[in-house]
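This report refers to the structure that appears directly beneath it.
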Amino acid sequence: MTATIDLKDFVFDRVLDEDALAHTLAVLGTLPSPSAPFAPLRAILRFERTALSPTIASQLSSGILESTKQIGSTDIIYVICPATDVHIRKYTKQDVLMVHETPALYRSIVKPYILAFDPARIQWVQDILAGTAEASNILNASPDFLILPDMKWDTTNVSTLYLLALYTHSDVHCMRDLRKKPHLEMLKTLRRDASRVVQDKWGIDRGGVRMYIHYQPSYYHFHVHIVHTGHVGLHGMTVGQAHLLDDIISLLELDPDDGSSILERMTFTYGLGTEHGLYKPMAAAFAEVHDTD
């Protein structure tokens, strides 16, 4: 939605998810349509409590608050409107099943799912790569990657720094598509460029950020997350989902120059929520395997 949004017009429907540890809340409701005010659009509001500002200590007197006045807001609200059924499933609290994705299951279930992924869901990525969106926010551009702030970062608190590196080509949908040739050197260059960007712009020394790849990702255009090491408790850091870029580079270095990649040959274990598009076929395959044990 490109029009100005007035959250006073939001009509609450229900809570989708709340996480006390991550300090997040997602709710579903409606907002008026800019083109048809009497035909409301479904909308998701996601509230996030970020880290306290580093200047907050200077507003205290000898460690004692002199008044109860508000000393700063650390709330961020993301608005998703219009919210599709896919958005609603994504932000709804779900039970999680740990599945074991063998190379055979990848070929028979996961790869067809990826290839059938609706291109409209990554149009925002194509807009960034084409230079028609977020052009002023690009921090580093190379032939293989664009680095820019992620929408989950307020661009103010360095301790919660969150950047995104978007691959500029279309040959890699997910981590399993990575090969020693031609991708290993590209990943090493990304690691070096990202380290330089955070050092030059925010004074973060080498080792001060985590760089990781999601599997399964939320969208199938290859990208890498770059997050301050002090930013903890994110859903995206879940064991089984986040794979450190350093580890992926090390695995590819073990590959022979020719032949199938180790990432093709591995079995990956990860959690799938009940609303994920892969849940039903992977759960059925999981049950079938265990029925034969």
When you measure from the side chain of [X] to the backbone N and O of [Y], does any donor-acceptor pair fall under 3.5 Å?
| X | Y | answer |
| --- | --- | --- |
| Thr168 | Pro143 | yes |
| Thr229 | Gly208 | yes |
| His87 | Thr84 | yes |
| Glu185 | His183 | no |

How far does [atom1] of [X] sit from [atom2] of [Y], to the nearest 0.5 angstrom?
| X | Y | atom1 | atom2 | value |
| --- | --- | --- | --- | --- |
| Leu190 | Leu245 | CG | CG | 6.0 Å |
| Ile262 | Leu251 | CD1 | CG | 5.0 Å |
| Asp17 | Leu25 | CG | CG | 8.5 Å |
| Ile80 | Leu31 | CD1 | CG | 11.5 Å |
| Ile109 | Thr102 | CD1 | OG1 | 8.5 Å |
| Ile213 | Leu178 | CD1 | CG | 6.0 Å |

Query raised in the report: Mind checking what makes salt bridge (Lys or Arg N to Asp or Glu O under 4.0 Å) contact with Arg210, not counting sequence neighbours?
Result: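 Applying salt bridge (Lys or Arg N to Asp or Glu O under 4.0 Å) to Arg210 gives none.
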
Query - Sequence-distant partners of Asp246, salt bridge (Lys or Arg N to Asp or Glu O under 4.0 Å), two or more places apart - result: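 Applying salt bridge (Lys or Arg N to Asp or Glu O under 4.0 Å) to Asp246 gives Arg191.
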
Indicate the atoms forming the closest heavy-atom contact of [X] with [Y], along with that distance.
| X | Y | answer |
| --- | --- | --- |
| Ser33 | Ala39 | CB-O, 3.3 Å |
| Gly131 | Ala135 | O-CB, 3.8 Å |
| Gly236 | Ala242 | O-CB, 3.3 Å |
| Pro149 | Asn137 | CD-O, 3.2 Å |

Query raised in the report: Linking I/L/V/M/F/W/Y whenever any side-chain heavy atoms sit under 4.5 Å apart, do Ile138 and Met186 land together?
Result: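 They do share one cluster, since a chain of ILVMFWY contacts under 4.5 Å joins Ile138 to Met186.
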
Query raised in the report: Would Val125 and Val86 show up in the same hydrophobic cluster when neighbours are defined by side-chain heavy atoms closer than 4.5 Å?
Result: no

Query raised in the report: Does any pair with a residue in residues 195-205 pass side chain to side chain donor-acceptor pair (under 3.5 Å), and if so which ones, sequence neighbours excluded?
Result: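 Qualifying pairs, neighbours excluded: Asn140-Arg196.
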
Query raised in the report: Any side chain to side chain donor-acceptor pair (under 3.5 Å) pairs touching residues 248-258, not counting sequence neighbours?
Result: Lys180-Asp257, Lys188-Glu253, Asp255-Ser261

Report yes if the side chains of [X] and [Y] come closer than 4.5 Å at any heavy-atom pair, otherwise no.
| X | Y | answer |
| --- | --- | --- |
| Arg179 | Glu264 | yes |
| Leu263 | Ile248 | yes |
| Ser218 | Lys90 | yes |
| Ile88 | Ile44 | yes |
| Val27 | Phe12 | yes |
| Tyr270 | Val239 | no |
| Thr30 | Leu41 | no |
| Val96 | Leu272 | no |

Query - Pairing residues for His243 by the ring-ring contact (aromatic ring centres under 6.0 Å, His included) criterion, not counting sequence neighbours - result: Phe268

Requested in this report: Evaluate ring pair (Phe, Tyr, Trp, His ring centres under 6.0 Å) for His223 paired with His225, printing each intermediate quantity in order.
Outcome: CA-CA 7 Å; His223 57 283; His225 303 263; 5.0 Å; yes

Requested in this report: Using the ring of Tyr91 (Phe, Tyr or Trp, six-membered ring only), decide whether Arg46 places NZ or CZ under 6.0 Å from its centre and within 45 degrees of its axis.
Outcome: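 Not flagged: Arg46 not positioned over aromatic ring of Tyr91.
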
Query raised in the report: Does Lys111 make a cation-pi contact with Tyr106 (under 6.0 Å, within 45 degrees of the axis)?
Result: no

Report task. Test Met282 against Gln216 for side-chain contact (heavy atoms from CB on, under 4.5 Å), laying out the working first. Result -> CA-CA 12 Å; Met282 289 296 287; Gln216 296 290 328; over 6 Å; no

Query raised in the report: Relative to the ring of His100, is the ring of Phe286 parallel (under 30°), tilted (30 to 60°) or perpendicular (over 60°)?
Result: tilted

Requested in this report: Check the pair Leu7 / Val79 against side-chain contact (heavy atoms from CB on, under 4.5 Å), numbers first and verdict last.
Outcome: CA-CA 9 Å; Leu7 293 183; Val79 181; 4.0 Å; yes

**Report entry** Intermediate values then yes/no, side-chain contact (heavy atoms from CB on, under 4.5 Å), Tyr279 and Gln94
**Finding:** CA-CA 11 Å; Tyr279 179 85; Gln94 306 169 44; over 6 Å; no

Report task. May I ask you to check whether His231 and Asn157 show a side-chain donor-acceptor distance below 3.5 Å? Result -> no

**Report entry** Gln241 and Tyr215: side chain donor to acceptor below 3.5 Å
**Finding:**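 The answer is no; no qualifying pair exists.
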
Let me check something: any side-chain donor-acceptor pairs from residues 117-124 under 3.5 Å, sequence neighbours excluded? List them with distances.
unit_1: Asp118; atom_1: OD1; unit_2: Ala120; atom_2: N; d: 3.0
unit_1: Gln123; atom_1: NE2; unit_2: Asp127; atom_2: OD1; d: 2.9
unit_1: Trp124; atom_1: NE1; unit_2: Arg121; atom_2: O; d: 3.4

Report task. In sequence, state the C-alpha distance, the side-chain angles, and the governing distance for His169 and Tyr167, and then conclude on ring pair (Phe, Tyr, Trp, His ring centres under 6.0 Å). Result -> CA-CA 6 Å; His169 309 293; Tyr167 188 50; 5.1 Å; yes

Requested in this report: Would you please test Arg42 and Asp85 for salt bridge (charged side-chain N to carboxylate O under 4.0 Å, His left out) and show each step?
Outcome: CA-CA 10 Å; Arg42 290 190 301 180; Asp85 289 340; 2.8 Å; yes

Query raised in the report: Where do Val209 and Val227 land on the side-chain contact (heavy atoms from CB on, under 4.5 Å) test, with the steps shown first?
Result: CA-CA 5 Å; Val209 293; Val227 182; over 6 Å; no

Requested in this report: Step through the shown structure and confirm whether more than 12 heavy atoms of other residues, nucleotides or ligands are within 6.0 Å of CZ on Arg206.
Outcome: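 Counting neighbours around CZ of Arg206, 12 or fewer heavy atoms of other residues, nucleotides or ligands fall under 6.0 Å, so no.
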
Query raised in the report: Of Ile226, Leu163, Leu244, Ile249, which meets side-chain contact (heavy atoms from CB on, under 4.5 Å) against Met211?
Result: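 Option passing the side-chain contact (heavy atoms from CB on, under 4.5 Å) with Met211: Ile226.
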
